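Quick notes on the structure that follows.
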Amino acid sequence: MRRFPWILTLLTVAALVLLIGLGLWQVERLKWKEGLIAASEAAAAPPAPLDQVLAADPDGGDLEFRKALIVCPGLATAPYVELQSIHDGVAGVRLISACRPVDADFSLLIDRGFVADEISGRPRVAESTLPLVLIGEFRRFDPPGGMTPPAANGRFYGRDTAAMARALKVQGPVRPEAVFAVSPTNPEFGALKPSAPPAAFSNNHFGYALTWFGLAIVLAGFYVALLRRRLKKDTP
């Protein structure tokens with residue numbers, strides 16, 4: 001009688017664990033993506049005052065895509081840092097300024113918009129307390145990776161909130177979200193295009209999960225068929 005195929009069995013079990021794990025991971029990604037899409041759809045409501053938006057979720061977990069009316073004194077002429085970016089296939093920078101909203105004990109980093117590389121001009125910088133009311137969209141982002149080049153001469157290559165706040169000499173706490181101006185902060189400087197990244201999602205995780213689970217089923221069936229064939233040959 002032939003020996004039981006332990007090596008084949010162990011390899012099959014390891015492969016099944018891997019395939020099922022990948023399928024379960026895609027199921028988790030599916031739930032995450034559906035939640036993100038739901039948040040985007042829910043945030044299509046008209047913008048609300050900043051204090052109401054923050055009060056609705058004090059922990060900040062559901063601020064993604066929420067739009068708020070923010071009063072920022074002096075934002076139109078505030079100092080800024082530049083963030084290397086691409087917008088509609090055009091290379092350029094996004095201008096990031098600090099804003100301490102009226103009656104707030106924290107600051108926000110406002111992404112004022114995109115300026116193409118071919119534009120050398122910038123909005124003027126000057127001390128001002130003139131209030132500016134803007135519509136800002138809250139977005140989360142991944143911190144810069146280890147391969148991101150360091151900032152140089154006021155230009156950043158990754159959205160690093162802490163480093164940008166230091167460069168802008170912000171005092172006190174800074175909220176971690178990116179806030180994209182979706183209304184103009186500098187109407188007189190038309191080259192500055194306020195915008196937020198499009199809320200476009202591909203949701204293929206269900207199909208991916210079916211693929212991994214299907215491969216696991218095929219592998220299990222192949223193993224069972226091979227084992228039965230082997231045992232049948234060993235039967236006198």
Side-chain angles (χ1 to χ4, degrees), residues 39-83 85 87 92-115 119 121-141 143 151 154-156 158-199:
S40 173
E41 293 173 349
L50 177 63
D51 57 347
Q52 295 182 20
V53 171
L54 297 180
D57 185 53
D59 296 327
D62 293 326
L63 290 181
E64 183 80 343
F65 301 111
R66 290 296 306 272
K67 293 183 177 65
L69 292 170
I70 307 171
V71 181
C72 286
L75 182 64
T77 58
Y80 55 82
V81 295
E82 299 182 350
L83 174 64
S85 184
H87 180 67
V93 296
R94 304 191 71 92
L95 305 187
I96 316 295
S97 294
C99 159
R100 184 177 289 270
V102 171
D103 298 328
D105 59 356
F106 58 85
S107 295
L108 300 169
L109 292 190
I110 305 293
D111 187 315
R112 292 163 63 182
F114 175 84
V115 180
I119 305 297
R122 295 289 186 269
R124 71 186 185 96
V125 176
E127 290 287 340
S128 173
T129 58
L130 186 67
L132 172 72
V133 180
L134 66 98
I135 300 174
E137 182 175 316
F138 283 83
R139 298 294 286 271
R140 293 192 296 267
F141 59 92
R155 177 168 291 197
F156 285 75
R159 198 177 287 273
D160 187 331
T161 297
M164 289 178 173
R166 288 193 298 270
L168 292 168
K169 298 180 173 57
V170 179
Q171 301 295 322
V174 180
R175 288 192 64 94
E177 304 91 355
V179 181
F180 289 85
V182 293
S183 61
T185 63
N186 296 84
E188 79 287 351
F189 185 62
L192 180 62
K193 308 293 185 183
S195 64

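Here, residue 1 is the first one in the sequence, and each next residue gets the next number. Bear in mind the structure is a predicted one, so any value in this text is a computation, not a measurement.
- Looking at heavy atoms from C-beta onward, Leu54 lies in side-chain contact with Phe106 at the 4.5 angstrom threshold.
- One N or O on the side chain of Arg112 and one on the backbone of Ala76 form a donor-acceptor pair closer than 3.5 Å.
- For the pair Pro194/Val182, no side-chain contact is recorded, criterion being any heavy-atom separation below 4.5 Å from C-beta on.
- Ser85 and Arg159 share no side-chain donor-acceptor pair at under 3.5 Å.
- Side chain of Thr77 to main chain of Val125: no donor-acceptor pair is present (N/O by atom type, distance under 3.5 Å, no hydrogens or angles).
- Rounding to the nearest 0.5 Å places CG of Leu168 at 11.0 Å from CZ of Arg166.
- Ser97 places a side-chain N or O within 3.5 Å of a backbone atom of Pro79 that can act as its donor or acceptor partner.
- The shortest distance between side-chain heavy atoms of Val115 and Glu82 does not fall below 4.5 Å.
- The backbone N or O of Glu188 lies less than 3.5 Å from no partner atom in the side chain of Asn186, so there is not a single donor-acceptor pair.
- Contact between Ala167 and Phe156 at its shortest, heavy atoms only, is CB-CZ, 4.0 Å.
- When the shell of 6.0 Å around CZ of Arg155 is examined, it contains more than 12 heavy atoms from other residues, nucleotides or ligands.
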> side-chain contact (heavy atoms from CB on, under 4.5 Å) between Val174 and Leu109: does it pass, once the steps are laid out?
Replying inline: CA-CA 8 Å; Val174 180; Leu109 292 190; 4.1 Å; yes
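- Taking both residues in full, the closest heavy atoms of Leu192 and Gly113 are given as CD1-C, 3.5 Å, listed atom of the first, atom of the second, then distance.
- Not one N or O on the side chain of Glu137 forms a donor-acceptor pair closer than 3.5 Å with the backbone of Arg66.
- Two residues are said to be in side-chain contact when any heavy atoms from C-beta on lie closer than 4.5 Å; Arg122 and Leu95 meet this criterion.
- The heavy-atom pair separating Gly136 from Ile70 by the smallest distance is CA-CD1, 4.3 Å.
- Atom CG in Leu69 sits 9.0 Å away from atom CG in Leu50 (nearest 0.5 Å).
- The existence of a salt bridge linking Asp111 and Arg139 is excluded, since no basic side-chain nitrogen approaches an acidic carboxylate oxygen closer than 4.0 Å.
- By the 4.5 Å heavy-atom criterion applied to side chains, Phe180 and Ile110 are not counted as neighbours.
- For the atom pair CZ (Phe114) and NZ (Lys193), the distance works out to 10.5 Å, reported to the nearest 0.5 Å.
- Side-chain contact check for Arg100 versus Leu75: every heavy-atom pair is 4.5 Å or farther apart.
- Scanning all heavy atoms of the two residues, the minimum distance from Val71 to Cys99 falls at O-SG, 4.4 Å.
- Put simply, the side chain of Pro73 does not reach to within 4.5 Å of the side chain of Leu130, judged on heavy atoms.
- Closest approach of Leu108 and Pro101 over heavy atoms only: CD1-CG, 3.9 Å.
- Of all heavy-atom pairs spanning Tyr80 and Pro123, the tightest one is CE2-O, 3.9 Å.
- Taking the side chain as every heavy atom from C-beta outward, Met164 and Leu83 approach each other to under 4.5 Å.
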>> side-chain contact (heavy atoms from CB on, under 4.5 Å) for Leu63 and Arg175? Distances and angles first, verdict last.
In response: CA-CA 12 Å; Leu63 290 181; Arg175 288 192 64 94; 3.2 Å; yes
